[in-house]
Structure formats: C-alpha cells, structure tokens
Amino acid sequence: MVAEMLVNIVHIIIPILIVIASAFAVVFKDLIAAAIAVAAMSLLLSLEFYILHAPDVAIAEAGIGACLTTAILVIAIRATRREEEA
Amino acid sequence: MIYNIPYIAVVALILIGLYAVIFKRNLIKIVIGITLIESGVNLFLITLAYRQDSIAPIYHGEISRLMSLPVPHALTLTSIVIGVAVLALMLSLVIHIYRHYGTLDARKIGREEE
Amino acid sequence: MNLETIITHSPALIVAVPLLGAFLTPLVGKINDKLRNVFVILTVGLTTFFVFLLANDIFSSGNIRTYVFGGGTPITDGGFAIRILFEVDGLNAFMAIIASILALACVIYSWAFMKENTGLDKYYTLILLMVAGMFGMILTGDMFNFFVFLEITSISSCVLIAFWTNKGKAVDAGFKYIVISATGALFILFAIAILYSQYNALNMAFLANSIQYTFLDKIALVLLIAGLAMKAGIVPMHMWLPDAYGRAPSSVTLILVGATQVSLYGVLRMTFTLYGSQLTIPLKQIGDTSITMNGLLGITLIALALITILVGVLMALKQTDFKRLIAFAAVGEIGYIVLAIGAGLTAMGTSYGNMAFRGGIFHIINDALDVGLLFLVAGAIYYATKQTSLNQMGGLSRNMKYTTVFFLIGLLAVAGMPPMNGFASKLLIYQSTYQVNPIIAIVAILCSILLLAVFVKVFHSAFLGPKLPKFKDVKDVPKSMLLAMGIIACFIIFFGLFPEFVVNNLVKPAADAIINNTNYITTVIGGAVP
Amino acid sequence: MISIYDFIETLTTDSGFWNPLIWGVAIVIAFLIVYIIRGFGNKGYKKETEQTKVFLSGNPEYKEEKMHVKASNLYWGFTESLKWVYKVLDKMHTGNVSDYVLWFVIIMGTLFIILGVI
Amino acid sequence: MSGMSKIVKTISSITFPFVTIYGLYVIAHGHLTPGGGFQGGAVVASGCAMILVAYGSVWTMGKIKEKHLSVLESFGAIGFIGLAFLGLIFGTMFFKNFLVGNDFLFGEIGKGLSNISTAGALPLMNFAVGLKVIAGLFGIVLVMAYTTKAKGGKIE
Amino acid sequence: MPARNVAAVIFFTIVAVFFVFGALMTHPFGDPGNPEMDQYIIDNTQGETGADNGVTSVVFDYRGFDTLGEATVLFTAFAGVIVLFRRLKK
C-alpha cells in the first residue's frame with residue numbers, strides 16, 4: 001500500500017519537474033542555459049521512461065536526448081550567438 | 001490510482017513548445033520549442049504503454065506477469081531518432097542563416113522585398 | 001521469377017529499390033560521375049517500371065493488392081493487424097504514377113542542370129531518398145509508417161531546398177520548410193497516438209473499421225487534416241510554399257510538387273478512408289435540417305479552397321520573380337483540387353458529387369504535370385541566362401525555340417485552355433460546383449481567366465519582345481533537359497487529347513476508391529465488416 | 001484489352017460533353033474561314049515604307065531594347081485599383097516562420113470549433 | 001583547436017573503451033536485454049562525442065574523416081536492407097525473418113532460453129543498425145563541430 | 001499588444017482547452033483496457049521470433065519496415081549535414 005502510494009507520488013512529481021524544466025528552457029535568455037535545461041528535461045524524461053517500464057526507450061533517450069542533442073545545441077549556439085536578443 | 005496527471009504534463013509540454021515556436025523570435029528558441037513538442041509526444045506514447053503493476057516487456061526465464069505494451073516503445077524509439085535527425089538539420093540551417101544574415105531574429109530574416 | 005511474382009512483390013520493391021539505390025549511390029559515385037548518373041536513372045527507371053506494372057494490374061483487374069512485410073496473413077486470428085501492411089487500391093496506384101513520372105523527369109533533367117555543382121553524390125542520394133519517401137507515403141496502409149515516410153520526404157526535401165547554400169534565401173526557405181514540416185508531422189504523430197490509445201491499432205483499414213467518432217477522434221481528425229493541409233499548401237498555411245518552390249533548384253521543385261500532391265493524397269486518405277464510414281452520419285438536428293459531418297467539412301473545404309484560389313492567383317499576378325510566380329499559381333491550382341473535393345463532400349452520393357471527385361482527382365495529375373513543366377522551363381531559363389527576375393528578361397524565344405514551345409504547352413495547360421488536359425478536369429470541376437452553388441463556379445472560372453492573364457504576362461515579358469543585347473549568346477538548353485520537358489509535355493498532350501480514356505481507366509478507379517471505402521476495409525478485415 | 005475506340009470517346013458530363021478531336025476540327029474550320037475572309041482584304045500594303053513605321057504621336061521612336069515593357073509594368077492598373085487587397089495580402093506574407101506556425105494554430109483552432117463543438 | 005586540458009583528455013581516453021564496450025554489449029544483447037542497435041549505437045556515439053569534446057574537432061577530423069563515416073554508414077544501411085532483401089529471396093516476403101527456426105545461425109526459438117543464439121536475423125539487423133547509428137550520429141556531431149570551428153567553415 | 005499576439009493568444013487558448021479536454025478523456029493512466037495487438041506480441045514474441053525482448057522483436061520483426069525508415073532518416077540527416085557544409089567550388 002505504501003509502496004503503491006510512493007509510486008503514485010513519483011508519477012506525479014516527475015512530470016511536474018519535466019514541465020518546470022521545459023518552462024525554464026523557454027524562459028532562459030542565455031541560450032546555453034536553455035540548452036542545459038533541455039538536457040535536464042531529457043534526463044528527467046529518461047527517468048520517467050524508466051519508471052514507466054520502458055528501459056529500451058530510457059537508454060535511447062539518455063544517450064540521444066540528454067547527450068547528443070545537448071552537444072549539437074551547444075555546438076550551434078557557440079557557432080552563432082549566446083544571448084537570445086539580437 | 002492517480003488521475004491523468006501525466007497526460008496533463010504531455011499537454012503542458014506540447015503547449016510550452018508551441019508557445020516557444022509562436023512567440024519567441026530567436027531561431028534557436030524555436031528549434032528548442034520543436035524539441036519540446038517532440039518530447040511531449042514521446043512521453044504521451046510511453047504513457048499510453050504503461051500498465052499498473054506491470055514489468056518491462058522483456059522475458060527473463062519463465063515469468064508470467066503483466067507487461068507494459070511494446071509497440072509504443074518501438075514507435076518512440078523511431079520518433080526519438082527522427083527527432084535528433086530533424087534537430088541536427090535545423091541547427092545546421094540556423095548556423096548557415098547566421099552566416100548569411102548575421103542575426104537570429106526571425107523577423108529580420110527572409111523578408112520578401114520582391 | 002514470372003511476372004505474377006514480380007507484381008506480387010512490387011509494392012515492397014517500389015520503395016526498397018530507390019532506398020537501396022540511395023544507399024549505394026555514395027559508393028558508386030566514388031567510381032565515376034557518369035556511371036553514377038546512369039545508375040540513378042536506371043534505379044528510378046526500374047522503379048517506374050514496377051509502378052506501371054502494378055498500376056496496370058490494379059486498373060485492369062480492379063482488385064486491391066496487399067503486401068504484408070514479414071509474411072503471413074494481413075489479419076491474425078484475433079482479428080487485428082500486427083505487421084506493417086501495404087495496401088494498393090486505385091487511388092494509391094494513381095498517385096504512384098504521378099510520383100514516378102515526376103521522379104523520372106527530375107533525374108533526367110538533373111543530369112545537365114546540376115552539372116556545375118559540387119556534392120552531387122549526396123544530391124542524387126537525397127533525390128532517391130525523397131522518391132522512396134514519396135512512394136512509401138503513397139503505398140503504405142499503416143499510420144505510423146506514413147509518418148516515418150513523411151519525415152523522410154520532408155527532411156530530404158529541406159536539404160535539397162537549401163542545396164545552393166551560398167544563397168541566404170535558399171537556406172532560409174529550407175529552414176522554414178523544416179520547421180513547418182516538423183511541426184505538422186509532430187501533430188500528425190500526436191493524432192496517430194490518440195488513435196492508437198483508443199483502438200490499439202495502427203492499421204488504416206482496421207482503424208477505419210472500428211472508428212467511433214468520439215471526442216478524441218474529432219481531435220485526431222483535426223490534427224491530421226491541419227497537419228497534412230499545411231504540407232499541401234492550403235491558404236493560409238501556404239506561405240512556406242512560394243519560398244520553398246521559388247528558391248530551390250528547379251529539378252528539386254519538380255519533386256516538391258509531387259510531395260505536395262502526396263500530402264494532399266494524405267488528406268484524402270485520412271478523411272475518406274479512415275473516417276469514411278462516419279461522414280454521412282447525422283450529428284445534430286436543428287429544425288428540419290440535420291447537420292452531417294460531410295456537409296460541415298465540405299463547406300469548410302470549399303471556403304478554404306476559394307480563399308486558396310483567390311490568394312494564389314492574385315499574388316501570382318503581382319510577382320516579378322519567375323519561379324515565385326509559378327509557385328503562387330501552383331497554390332491556386334491546389335485550390336481547384338480542394339474545391340472539387342469540398343464540392344464532392346457536400347454533394348456526397350449524388351451524380352455530380354461523383355463528377356466533382358473525378359474532376360478533383362483528374363486535376364491532381366494535371367496540376368502536377370503542368371506546374372512541373374513550368375518549373376522546368378523556369379529552370380531552363382535560369383540555366384541559360386542566370387536570371388530569375390522577369391524584369392531582366394526579354395526576347396528569349398528567339399534563341400530558345402524548344403523551351404518556348406514547352407512553355408506555351410504548359411501555359412495553355414495550367415490556364416485550362418482547350419485542348420490541353422487542364423481544360424478537361426476544370427470542365428468537370430466547373431460543372432459540378434455549378435450545381436452546388438453557381439457563384440462558386442463563376443469565381444473559379446474568373447480565377448482561371450486571371451491565371452491565363454498571369455501567364456500571358458510571363459510569356460510577354462520573358463519570351464516576346466526585341467532581342468536584348470545581354471542575351472545575344474544565349475543558346476537553347478542541353479538535350480537532357482529538353483528530354484525531361486518533352487516527357488512531361490507528351491503526357492500533357494496525351495491527357496489533353498484523350499480525356500475520356502484517362503478518366504475511365506485511371507481516374508474513375510481512384511475516385512471510386514475515395515467514395516467507397518468498404519472495399520479497402522474488407523480486403524484487410526475479410527468478411528467481418530458489419 | 002484497350003481498343004482504339006477507347007481513345008476517341010467523348011467526355012460526357014451531366015450537362016455537356018467535351019471532345020478534343022471535334023474541337024480540333026472546329027478550330028481548323030474556323031481558321032479556314034478566317035483565311036478566306038482575310039483574302040477579301042485590301043492589297044495596298046507595302047513593306048519597308050512609311051506605312052509600316054511605328055508612330056508614337058510624333059515622338060521619336062525608342063531603341064528596340066527600351067520598347068520592351070517590363071514585367072512589373074504589366075497590369076499596373078489592375079494592381080493599382082486592387083491596392084487595398086494587396087495591402088492585406090502583403091501584410092499576411094511576413095516571411096516570419098513563427099507566423100507560419102501561428103496560421104497553422106489558427107486553422108487548427110477553427111477546425112476544432114467547427115468539428116469539435118458541433 | 002587543441003581541445004581541453006590534460007586531465008580531461010586522460011580521463012576521457014580511459015573512459016572511452018568502457019563506454020564503447022558497454023555500447024557494443026547493448027548492441028549484441030539487443031534481443032535479450034533492454035537495448036538494441038539504436039540504443040547501443042547512441043551510447044557509442046556519445047562516447048565518441050566525449051572524445052571529440054576532449055580532444056577538439058580538428059584533431060578528431062584528422063583521425064577519421066567524414067567520408068569514411070559516410071561509407072561506413074552506407075555499409076550499415078546496405079547490410080540492413082540486404083537482410084530484408086534476403087528475407088525476400090530465401091523466405092517468402094520482404095523483411096521475412098528467414099533465419100528463425102533454422103539450425104544454421106541464431107535459429108533457436110522457444111520460451112525461456114535466454115540464449116544468445118536465438119531470434120534469427122534480429123541480432124544481425126542489430127549489428128547493421130548499430131554500425132549505421134554509430135557512424136551517422138557521430139558523423140553529424142563531427143561535421144557540425146568541425147565546420148563551426150575550422151577556418152572557412154566547410155568540409156572538404 | 002499587437003493584433004497578431006491577440007489572435008495568437010485567443011487561438012492558442014482554444015487549442016489548449018481542447019487538448020486538456022482530450023487529455024482528461026483519454027483512458028485512465030495505467031489502464032489501457034484490453035490491448036489485443038500488444039498482448040498478442042507479448043505472448044508470441046518468444047515463440048515466433050525467438051527474441052526475449054519484446055521491444056526488439058517489434059522493432060526489427062513485426063515493424064521492421066518502420067525501422068528501415070528510421071535508419072533512412074538518420075542516413076538522410078547525415079547526408080544532409082554533409083551537403084549543407086560542403087565546399088561549393090570545385
């Protein structure tokens with residue numbers, strides 16, 4: 001019973017954290033910070049996938065979403081400009 | 001039993017992404033918005049696959065328990081890889097746009113003066 | 001390996017051969033440039049051969065062919081489809097013919113047109129991938145598979161639009177296109193997930209059989225229509241289209257025309273096959289009149305189509321850039337197709353409703369060929385003069401005789417002048433819309449006249465007039481480009497001279513496939529349809 | 001099998017028909033009539049004389065290149081009289097990618113209201 | 001660019017083999033444990049990206065050109081579609097799992113085997129896709145990193 | 001606020017409302033009902049394909065053609081990035 005409630009609480013908390021991280025990704029003016037927020041969201045998403053019994057997708061999301069996406073974003077930001085306002 | 005909180009989170013992710021695409025001027029922010037929409041759709045697919053008191057759809061010896069649905073997992077894998085491919089191309093184009101126009105403001109590029 | 005075996009496997013081969021060709025092209029390109037071009041043309045030619053073989057079989061027998069990847073029956077014992085399924089009926093075969101003609105013309109045209117560029121290995125790879133993606137979208141009978149091929153098509157076309165990366169505008173157009181198509185495709189995926197959540201199936205025929213038209217189904221329908229209509233370039237979601245068409249290399253634009261039509265096919269497939277059984281069910285009773293979904297959707301589509309035609313034609317009148325002008329004209333032409341579909345929807349079941357569908361379907365192929373030919377002419381002029389602005393051109397018909405003839409053919413066809421093919425399909429559309437509401441038909445005819453005026457302007461300013469001194473040494477374009485234009489022109493003249501033959505043998509099966517989705521469902525489900 | 005007669009059938013609609021071959025014959029006949037009428041014309045036309053020269057109200061004739069009317073000058077009156085329409089249309093085509101997605105959202109919302117509420 | 005400091009370089013060169021081996025394990029055991037061609041490929045590509053960050057893109061580009069990666073990816077893709085075509089030739093249909101049920105290779109089926117030699121053509125497809133994903137993902141990152149750092153901003 | 005943003009906010013809200021209603025009407029979290037297709041795959045993955053991992057059997061066997069498409073997308077992206085950053089002059 002307690003375990004079930006704990007699982008339910010985790011199922012509520014992690015989506016909320018994901019939404020908060022994604023909101024930060026949009027709000028941050030510094031694009032590198034936004035990219036980091038996207039990475040954090042990806043990592044939380046990967047955790048959520050793991051909790052939802054999808055380990056295959058969790059590995060893929062951790063590898064592609066959290067690592068390579070961030071790398072590509074950071075590369076692109078360093079090649080352009082870091083602040084949002086031109 | 002929790003009410004459909006994860007679905008609401010999915011909708012929130014999609015709407016935040018859409019907000020970024022529509023209201024933000026910076027091209028990289030627009031790209032981030034599309035990534036967020038994609039994450040939301042992925043989360044939706046995986047949420048659909050979840051069954052209470054289940055295990056991952058992988059057999060280890062002789063076990064017979066409820067398993068979460070495998071098809072959405074496969075679809076999400078495809079969707080993730082497609083997402084990173086689209087992201088890479090979009091950012092390459094953004095780099096090129098910056099080289100040509102010197103700005104990332106969506107309103108200043110591609111004006112039609114013809 | 002007899003003919004029947006080849007036809008049985010051709011749905012898979014039509015997609016797999018261009019894919020294999022695309023994977024091999026970088027390796028072949030290491031050997032020799034000419035060999036690579038020949039290889040690509042052979043690959044597309046082989047695909048075209050399969051398409052025509054399959055289409056001949058479908059049209060002559062009237063059957064629907066299915067192909068299950070991985071073998072087995074389409075439906076397992078429990079009554080659901082687990083494997084990916086290709087399902088080819090009249091509409092699929094019809095669209096496949098369009099795509100194959102455009103692809104063949106494109107690769108032949110590219111031989112000379114793209115000769116001066118670097119990165120041609122990858123260019124041909126991407127062209128083949130785009131062709132494979134189009135065929136996949138056309139032939140598939142599985143929702144998620146449709147999404148995957150949609151993404152292949154949009155990713156490869158966005159790179160091809162931005163192929164001339166030294167032009168800022170081309171890169172900008174490519175970026176816009178990828179943003180638009182990524183957003184649209186994601187919402188389509190969302191719709192697919194919603195449908196999956198309700199019926200636990202991804203097969204189109206299975207979904208069509210079990211769809212209930214609940215609230216979630218309505219959301220899914222809206223997402224599907226909006227996402228695919230954006231990719232088809234319906235006003236007011238057409239803004240990417242002039243950018244992309246106008247700034248891409250002409251050979252790429254030709255295939256982009258095909259990709260747009262395939263998106264339109266997606267709208268038709270989703271509306272009429274997936275939700276086909278729900279279209280005529282009354283939703284609400286107000287007084288004596290009952291509101292049905294086909295009436296609602298039909299009126300919406302007619303309204304959108306009229307705006308599309310007006311905006312497309314009026315904007316085309318103003319443009320001075322050759323390709324941008326044709327792109328706006330293409331928007332208007334798409335409006336005619338949507339107009340016919342909307343008219344057919346409102347009058348579903350009547351004889352003129354069927355005529356509207358036939359006109360709309362016939363106009364799909366006419367539009368693809370006409371607009372494609374015009375884009376090829378624009379590319380030929382760019383190749384010869386390095387100009388795209390109409391203000392800089394003049395007197396080109398003195399040096400480019402064949403191109404002028406092809407332009408005249410395209411002009412007459414796109415404006416719907418007899419005896420070209422555009423007239424036959426527009427006649428059907430006018431007659432059927434007149435029965436729905438005369439004002440619609442009058443607006444459509446007026447816009448067609450305006451379209452003629454638009455292209456007379458182009459003809460006058462580019463081809464007529466005195467010989468300009470800067471174009472003294474302009475020569476006609478190389479043979480491969482002329483050959484590509486010739487192929488399309490031959491089809492245009494053929495369709496124009498024998499419209500009834502085409503309508504009876506090609507268009508009617510496709511239109512019947514739209515009107516009646518029972519065949520499509522029973523082929524997969526078996527006798528289980530209630 | 002496809003016979004030759006399939007090709008020359010007439011495209012019939014509910015209230016009319018269309019046959020390109022008959023149309024072609026009609027065009028040829030019309031051309032012949034025009035040719036015959038042309039035969040009645042005056043034969044006093046002579047090339048390379050004052051008769052064929054361009055007359056611009058007495059103004060000097062431009063060079064050949066300048067005589068060509070540019071594309072942006074064509075249909076000037078039409079665009080001028082429909083200026084208000086073009087003002088709206090130009091305002092629509094901003095070239096901003098956010099606006100493109102915004103139109104998508106607008107269409108989506110409209111369709112939601114049309115299909116979802118009813 | 002000379003990349004990052006000595007510490008980062010050393011640690012990443014120590015870690016890189018482990019990451020690679022873990023990725024290859026995930027690829028090889030794709031049909032038994034969580035993972036498969038995509039996930040393993042993504043892990044290996046992440047490891048390669050780590051090396052790229054530590055040593056700088058110019059150095060990495062000197063070691064491995066994008067042409068080679070392109071050819072490698074082509075081979076992976078041809079292997080994958082070739083297996084599908086073999087299903088058409090040896091089996092009945094395109095994408096038929098033609099090896100399953102044979103005594104030849106990976107042919108065993110049955111419940112609860114947890115044997116590596118099961119699942120027919122799936123392990124081979126895993127390898128082909130793994131190769132493809134490693135080459136593709138790493139290639140994308142490499143090209144983007146190199147062209148935004150190097151002079152001229154173009155690859156050869 | 002310019003007219004564009006007003007329209008954007010209005011239609012954004014409409015879309016949001018419909019999405020939220022849709023989310024509330026989806027089947028309850030953790031209870032997908034009676035998923036016949038997925039249950040068939042779970043039951044038969046070992047017997048038909050021999051793979052213990054249900055997801056792999058879906059990815060490569062039951063829906064192998066999707067995976068081919070996915071691999072093609074990655075191939076396209078790599079080719080595209082190379083094309084975009086290529087040298088333009090010979």
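All heavy atoms count here, side chains included; hydrogens, waters and symmetry mates do not. Per chain, numbering begins at 1; letters A, B, ... match sequence-line order.
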Report the option among Leu428(C), Leu317(C), Val179(C), Leu427(C) that has the most heavy-atom pairs separated by less than 4.5 Å from atoms of chain D. Leu317(C)
Need one label for Tyr75(D): side chain, backbone, both or neither, based on atoms under 4.5 Å from any heavy atom in chain C. side chain
Under a 4.5 Å heavy-atom cut-off, does chain C meet the side chain of Ile107(D), its backbone, both or neither? side chain
Counting only non-hydrogen atoms closer than 4.5 Å, does Ile178(C) touch chain D with its backbone (N, CA, C, O), its side chain (CB onward), both, or neither? neither
Output the option from Ala453(C), Gly184(C), Gly496(C) having the highest count of non-hydrogen pairs under 4.5 Å with chain D. Ala453(C)
What part of Leu102(D) gets closer than 4.5 Å to chain C, counting heavy atoms only: side chain, backbone, both or neither? neither
Counting heavy-atom pairs under 4.5 angstrom with chain D, the leader among Phe187(C), Tyr434(C), Phe215(C) is Phe187(C)
Below 6.0 angstrom between ring centroids: does that apply to Tyr86(D) and His93(D)? no
Validation row: Met420(C), Ile492(C) side chains within 4.5 angstrom (heavy atoms): yes
Please answer whether the main-chain N or O of Met315(C) pairs with a side-chain N or O of Gln319(C) as donor and acceptor at a distance below 3.5 Å. yes
Before we go on, tell me: are the rings of Trp240(C) and Tyr100(D) under 6.0 Å apart, centre to centre? no
Let me know if Leu464(C) has heavy atoms under 4.5 Å from chain D in its side chain, its backbone, both or neither. backbone
If you take the centroid of each ring, where Trp contributes its six-membered ring, are Phe498(C) and Phe494(C) closer together than 6.0 Å? yes
In terms of heavy-atom proximity below 4.5 Å to chain D, should Tyr213(C) be classed as side chain, backbone, both, or neither? side chain
Residue Ile180(C) versus chain D: region with a heavy atom under 4.5 Å: side chain
I'd like to know if the side chain of Asp243(C) reaches the main chain of Ala173(C), judged simply by a donor and an acceptor atom lying under 3.5 Å from each other, with no hydrogens or angles considered. no
Give a yes or no answer on whether the side chain of Lys176(C) reaches the backbone of Ala244(C) with a donor-acceptor pair at less than 3.5 Å. no
Contact part of His238(C) toward chain D, heavy-atom cut-off under 4.5 Å: side chain, backbone, both or neither? side chain
So, Phe495(C) versus Phe501(C), ring centres under 6.0 angstrom or not? no
Best-contacting candidate, Gly465(C), Ala226(C), Pro236(C), against chain D by heavy atom pairs under 4.5 angstrom: Pro236(C)
Taking every heavy-atom pair that is under 4.5 Å apart, which of Leu82(D), Val97(D), Ile106(D) has the most such pairs with chain C? Val97(D)
Just wondering, do Met92(D) and Trp103(D) contact through their side chains at under 4.5 Å, heavy atoms? yes
Looking only at heavy atoms and a cut-off of under 4.5 Å, which of Leu296(C), Val502(C), Leu310(C), Ile299(C) has the most pairs with chain D? Leu296(C)
